[in-house]
Amino acid sequence: MSKQITLKDAISIGIGGMVGGGIFAVLGLAVSLAKGGTPVAFLFAGIIALLTAYSYAKLSRKFPENGGTVRFVDQQFGNGVFAGGINNLLWISYIVMLALYASAFGSYAAELFLITGDKAIDVRICQTSIIIIALAINYLSVSLVGRIESVAVIVKLLILVAFIGIGFYGFSLHPENLHQLQPSNWESPFLLLSGGMVIFVAYEGFELIANSISDLKDREKNTEKAYFGAVGFVVVLYILIAIVTVGSLPFDKIASAKDYVLAQAAAPTLGQVGFTIITITALISTFSAINATILGSGRVNYDIAEDQELPRYFCHIFWGKPIGYLITAILSIILVNVFNLESISTAGSAGFLLIFCLVNYIGFKKYQELESKKSIHLIASILCLLAFCTLIVQQFETNVTGVLVALGIILFCFVMEWVYKTVGFKK
């Protein structure tokens with residue numbers, strides 16, 4: 001019984017997984033795409049997250065063993081090439097998320113202190129160093145990762161809620177940008193939807209709840225409450241943050257500060273003090289997200305290898321931890337230093353939309369066993385697929401590199417699995 005976690009703990013895991021580095025990394029990107037309709041873009045993405053949470057809740061309650069998404073996929077598709085490709089995509093998507101969080105950390109850190117005097121070089125130094133530091137912490141103490149995450153969740157939520165409260169108060173002092181929220185300043189519905197899909201990565205963390213359901217107290221009663229409580233809270237939080245940001249800064253200023261816009265949005269009311277507080281919050285938040293993502297991705301990588309969907313080499317232990325920790329960190333460092341923020345975000349969102357489409361489809365196929373509503377699973381799966389297609393089409397017009405990276409990663413995951421299964425690289 002001492003291992004059991006409460007409903008509050010499970011909700012905290014979901015909130016912590018979502019409100020990590022995502023909102024700090026992609027908020028400026030969302031505004032650049034949706035303009036005054038940014039809150040609507042977050043709402044679109046939130047609706048898809050809520051519908052997908054329904055499938056996760058039903059599947060988690062029926063199959064509560066550790067492994068979450070990996071186990072759901074294996075339950076439906078066995079461990080052939082298709083299942084292995086999807087599970088490999090999950091691992092690679094974690095690597096993309098790690099790069100996204102590191103990118104956000106580097107951008108905010110470079111605003112706070114100078115290293116070389118060249119901002120671009122400082123960003124690269126910071127985003128690379130933080131992955132290395134987080135990797136070292138994961139090798140030294142997994143319990144330390146947990147303690148960092150617990151403290152970070154409380155700190156970032158308190159400060160973000162305070163940011164929203166102060167931001168709305170600031171509207172009475174600086175109302176000149178409120179007109180930007182009017183529908184006349186919204187982009188087209190297609191761009192609002194595609195903007196929501198580019199920043200969908202800000203919601204993906206709720207799937208981490210699946211890994212803790214086996215230890216959830218009163219699982220039958222609390223599983224759905226955990227998912228919907230976490231996702232519902234974060235949807236409201238993100239929409240309010242978007243309203244404050246768009247209502248506080250002119251669009252040109254948001255564009256110039258796109259990589260650290262949340263800190264800039266605190267400046268009109270609180271000045272440099274507000275900018276510094278939000279910047280420090282971003283560093284704490286993205287650091288904790290990087291820590292947790294290295295831990296989570298290392299475990300996913302190990303589970304996939306144990307299921308013989310990756311070579312057994314990935315089960316090897318290096319300095320007391322799976323070798324996947326080190327491989328994940330190295331690949332993330334390469335990714336964050338080669339591609340820009342929008343390309344990384346596009347690749348991450350595309351990967352998770354495809355994975356969530358499959359998880360919703362699994363719920364649809366197993367609805368009788370899950371005692372769930374078939375129509376909700378089907379609608380969620382179709383929406384994820386449409387969102388994936390919308391993202392690819394829109395980004396192909398403005399960000400060909402991001403689309404090629406996203407599609408290349410998906411293709412690579414299935415080709416890698418096919419080679420492994422057919423050629424037989426088992427070691």
Side-chain angles (χ1 to χ4, degrees), residues 1-20 45-77 83 86-87 90 93-94 146 149-150 153 157 200 202-238 292-293 295-296 299-300 303 352-353 355-381 383-384:
M1 292 295 292
S2 62
K3 286 183 64 180
Q4 288 196 320
I5 62 172
T6 65
L7 174 61
K8 185 179 72 173
D9 294 331
I11 292 174
S12 296
I13 289 170
I15 293 173
M18 286 180 281
V19 190
I47 289 171
I48 293 178
L50 281 166
L51 289 170
T52 303
Y54 178 82
S55 295
Y56 266 92
K58 295 298 184 181
L59 287 164
S60 296
R61 192 168 64 179
K62 186 66 179 179
F63 308 111
E65 63 268 22
N66 289 334
T69 305
V70 174
R71 294 289 172 255
F72 303 155
V73 171
D74 289 344
Q75 282 282 343
Q76 180 65 34
F77 301 107
I86 291 297
N87 287 331
L90 178 64
S93 294
Y94 272 121
E149 185 64 23
S150 297
V153 167
L157 284 181
F200 186 77
Y203 285 109
E204 61 79 26
F206 71 83
E207 58 104 18
L208 295 175
I209 297 174
N211 292 319
S212 62
I213 290 297
S214 60
D215 298 322
L216 179 62
K217 189 176 181 181
D218 296 327
R219 186 171 65 241
E220 287 294 317
K221 183 175 69 173
N222 287 333
T223 298
E224 291 181 29
K225 292 179 182 177
Y227 278 101
F228 290 125
V231 178
F233 175 84
V234 171
V235 170
V236 174
L237 181 73
Y238 284 173
T293 304
L295 177 63
R299 287 177 173 174
V300 165
D303 287 341
F352 277 106
L353 282 169
I355 290 165
F356 288 166
C357 176
L358 261 295
V359 171
N360 286 316
Y361 173 76
I362 293 167
F364 169 74
K365 295 293 287 185
K366 293 184 176 293
Y367 80 98
Q368 289 181 319
E369 192 177 351
L370 301 178
E371 298 179 354
S372 59
K373 293 184 179 180
K374 185 179 182 181
S375 58
I376 296 179
H377 297 301
L378 180 60
I379 290 169
S381 185
L383 283 177
C384 283

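Small disclaimer: the values here were computed from a predicted structure and weren't measured.
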Verdict with supporting geometry, S60 and Y227, side-chain hydrogen bond (donor to acceptor under 3.5 Å, both in side chains): CA-CA 10 Å; S60 296; Y227 278 101; 2.7 Å; yes
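Legend: residues meeting side chain to side chain donor-acceptor pair (under 3.5 Å) with S55, ordered by chain and number and at least two apart, are N360, H377. Take F206 and apply the ring-ring contact (aromatic ring centres under 6.0 Å, His included) test, not counting sequence neighbours, and it matches Y56, F356. Not counting sequence neighbours, the partners of R61 by the salt bridge (charged side-chain N to carboxylate O under 4.0 Å, His left out) test are E220, E224. Shown here are the salt bridge (charged side-chain N to carboxylate O under 4.0 Å, His left out) partners of E371, two or more places apart in sequence or in another chain: there are none. In terms of the side chain to side chain donor-acceptor pair (under 3.5 Å) criterion, residue partners of D74 (sequence neighbours excluded) are, by chain and number, N87. For F77, the ring-ring contact (aromatic ring centres under 6.0 Å, His included) partners are F82, not counting sequence neighbours.
The shortest distance between side-chain heavy atoms of V235 and Y203 falls below 4.5 Å. Here the side chains of F233 and L157 are in contact, with some heavy-atom distance below 4.5 Å. The side-chain heavy atoms of L358 and V73, taken from C-beta on, include no pair separated by under 4.5 Å.
Nearest heavy atom pair, residue A57 against residue T223, reads O-CG2, 3.3 Å. F228 and L50 get closest at one heavy-atom pair: CE2-O, 3.5 Å. Nearest heavy atom pair, residue I376 against residue Y54, reads CG2-CD2, 3.4 Å. The two residues S372 and G363 make their nearest non-hydrogen contact at OG-O, 4.4 Å. For the pair A226 and I209, the tightest heavy-atom approach, listed with the atom from each and the gap, is O-CD1, 3.8 Å. Of all heavy-atom pairs between S93 and F352, the closest is CB-CE1, 3.6 Å.
To the nearest 0.5 Å, the span separating NZ on K221 from CG on L7 amounts to 9.0 Å. Interatomic distance, CD1 of I47 versus OG1 of T52, reported as 11.5 Å (0.5 Å rounding). In this structure, CD in Q75 is found 5.5 Å from NZ in K366, a value given to the nearest 0.5 Å. In this structure, the separation between CG on L90 and CD1 on I355 is 4.5 Å, given to the nearest 0.5 Å. Note that NZ of K365 and CD of Q76 are 6.5 Å apart. Values are rounded to the nearest 0.5 Å. To the nearest 0.5 Å, atom NZ of residue K58 and atom NZ of residue K373 are 8.5 Å apart.
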